[in-house]
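Proteins get letters first, then strands, A, B, ... in listed order; numbering begins at 1 in each.
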2 protein chains.
Amino acid sequence: MAEQAETVRRTPLSRDRILRAAVALADEAGIESLSMRNLAQDLGVVPMALYKHVANKDELLDGMIDVVVGEIDPPVPAADWKHAVRQRILSARQVLLRHPWAPLAIETRNMATPAVLAYLDSMIGAFRAGGFSVDLAHHVMHAMGSRILGFSQELFDDSRRAGRSGRTDPAPSAAALPPEIAARFPHVAEIAMAASHDDESVLGQGCDDQFEFEFALDLLLDGIERLHQRGWASPRR
Amino acid sequence: MAEQAETVRRTPLSRDRILRAAVALADEAGIESLSMRNLAQDLGVVPMALYKHVANKDELLDGMIDVVVGEIDPPVPAADWKHAVRQRILSARQVLLRHPWAPLAIETRNMATPAVLAYLDSMIGAFRAGGFSVDLAHHVMHAMGSRILGFSQELFDDSRRAGRSGRTDPAPSAAALPPEIAARFPHVAEIAMAASHDDESVLGQGCDDQFEFEFALDLLLDGIERLHQRGWASPRR
DNA sequence: ACCTGAACACCGTTCAAGT
DNA sequence: ACCTGAACACCGTTCAAGT
């Protein structure tokens, strides 16, 4: 105990230690709890000490994104591009599920950090290795959008707001869709009803996220495969 | 002038007037300039006066989203679902281009506001009218994700950060990709190079956003059409 | 030369005092 | 009863004073 305190004190502050602590804080308490002051306190350090290693909070966030992206598995050596791309994206998804704040952070910052660039570069490489033209690979990367990093950016997604502590259990809060809502939005109600057959729940809560992600991913990959086989090329503009 | 000032003073504060002013402020100065204090000042009112009409800032943002979504054209009466859906989404895109802060706000809040629900409901309705099963319509809505509201959520998207004032001209900042970056990420460089053939620019800046959006949208719609024609159904789980 | 406490310029929101 | 100024509990970051 005394030893631990001493260890903590002796361990010199470094950019790496700061980034790791920041990721841990965001994972556990939610991104809204990540302030320079809170982070400094977690590290047993005065807030100003952080500024020796990161220029400001934006740079801190960029660094955190790089840490997360660095956790994604390296590309699997695969015979076909489709398998390789699919595997890599599903691996990315597993990583982002561990860091629910990351998608929003990535979108908010939308920075081309080194780790993100490296990831994208190797993803493009997989398409090129599969025989894609530069042209098609380009548009395909755009079409995949954020899904290439493993998150789907759906319209309703409560997972990313609070930290782990807030939602330890899957929370069957699941009050059924209020009747007056169901009456005003019949098509939404119809889907919510069907989705809650198995487990009782409401609008998205009853959806199998993994299934939905793979459904969309395969929809895109199949369409891309077809374009590739047809030898699709950009219209001359 | 005096008359205008008087008019402004006489016009009673209302939720509607607050929401409109908030949208205008976010449009012009960027979402990061939207504070309760700034907004109150724009309205010539003390900050606390706002709290009579909106419970807090979150509710303000929800209201702003509803204003924006309310600007989307009503569904076009169309023979086929594909045309109807495509037109509506492209209309939504035009609206969101006028409010660059909205995509991020929608993602951050991810609230089922009445206007958003009404929009989604009518979109599902278009699929159902086209003969889609509840099951397929459900997964298709997930697969479309935020694209259904007209934004693509790409990885790099600088348009949404600053307000209009910050970026009046399209800004050919376009310093070519730094050589050491190009060397480390050859595939990224290759695409950047090809994309900057027409207009000199860098990584996404040289891309035709409208083209990329429609490319992805049609990729999804074509895939969806094929599933529908095949009579696709969820695997029994 | 380095480190750090206090200070600055902001937030959203509460609350009690004034009308 | 209503409105509102001051105050509270936070921010990120600057800066000058202390070692």
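- With hydrogens and angles ignored, the 3.5 Å screen pairs no side-chain donor or acceptor of B/R88 with any backbone N or O of B/V76.
- With hydrogens and angles disregarded, no donor-acceptor distance shorter than 3.5 Å links the side chain of B/T113 to the backbone of B/D66.
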Dot-bracket assigned to DNA chain C with the 3.5 Å Watson-Crick/G-U criterion, [ ] for crossing and | for other-strand pairs, is ||.|||||...|||||.||
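- In this structure, of C/dG12, C/dA7, C/dT4, it is C/dG12 that holds the atom nearest to the side chain of B/R37.
- Dashed line: the shortest gap from a side-chain N or O of A/K52 to OP1 or OP2 of C/dC3 is under 4.0 Å.
- Between the CG atom of A/L34 and the P atom of D/dC10 there is a distance of 16 Å, given to the nearest Å.
- Other residues, nucleotides and ligands contribute only 12 or fewer heavy atoms inside 6.0 Å of the CD atom of B/Q41.
- One can place OH of A/Y51 at 15 Å from P of C/dG5, the figure rounded to the nearest angstrom.
- Closest approach to the A/M48 side chain among D/dA7, C/dC15, D/dT14 is made by D/dT14 (side chain taken as heavy atoms from C-beta onward).
- Distance from the side chain of A/N38 is smallest to D/dC11 among D/dC11, C/dT4, D/dG5.
- Considering only side-chain atoms of B/V46, the nucleotide from D/dA7, D/dT14, D/dG5 that sits closest is D/dG5.
- Rounded to an integer number of Å, the gap from B/L50 CG to D/dC3 P is 13 Å.
- Distance B/E32 CD to D/dG12 P: 16 Å, rounded to the nearest Å.
- At distances below 3.5 Å, not a single donor-acceptor pair connects side-chain atoms of A/D27 with backbone N or O atoms of A/H99.
- The B/N56 side chain lies nearest to C/dT13 when the options are C/dG12, C/dT13, D/dT13.
- Judged by distance alone, with hydrogens and angles left aside, the side-chain atoms of B/H53 form a donor-acceptor pair with the main-chain N or O of B/L13 at under 3.5 Å.
- As judged by a 4.0 angstrom heavy-atom cut-off over every strand, A/M36 is placed among residues touching the sugar-phosphate backbone only.
- Following rounding to the nearest Å, B/H53 (NE2) and C/dG12 (P) show an atom-to-atom distance of 18 Å.
- The residues A/R15 and A/E59 are annotated as salt-bridged, a charged nitrogen and a carboxylate oxygen being separated by less than 4.0 angstrom.
- The interatomic distance linking B/K57 (NZ) with C/dC11 (C1') rounds to 8 Å, in whole Å.
- Between the CD atom of A/Q41 and the C1' atom of D/dC11 there is a distance of 14 Å, given to the nearest Å.
- Nucleotides D/dG18 and C/dC8 are separated by 16 Å at their P atoms, to the nearest Å.
- In this structure, A/L43 places its CG atom 16 Å from P of C/dC3, rounding to the nearest Å.
- Distance check on atom C1': C/dT14 versus D/dG12 gives 23 Å, rounded to whole Å.
- Between B/F215 and A/V140, the shortest heavy-atom contact is CE2-N, 4.1 Å.
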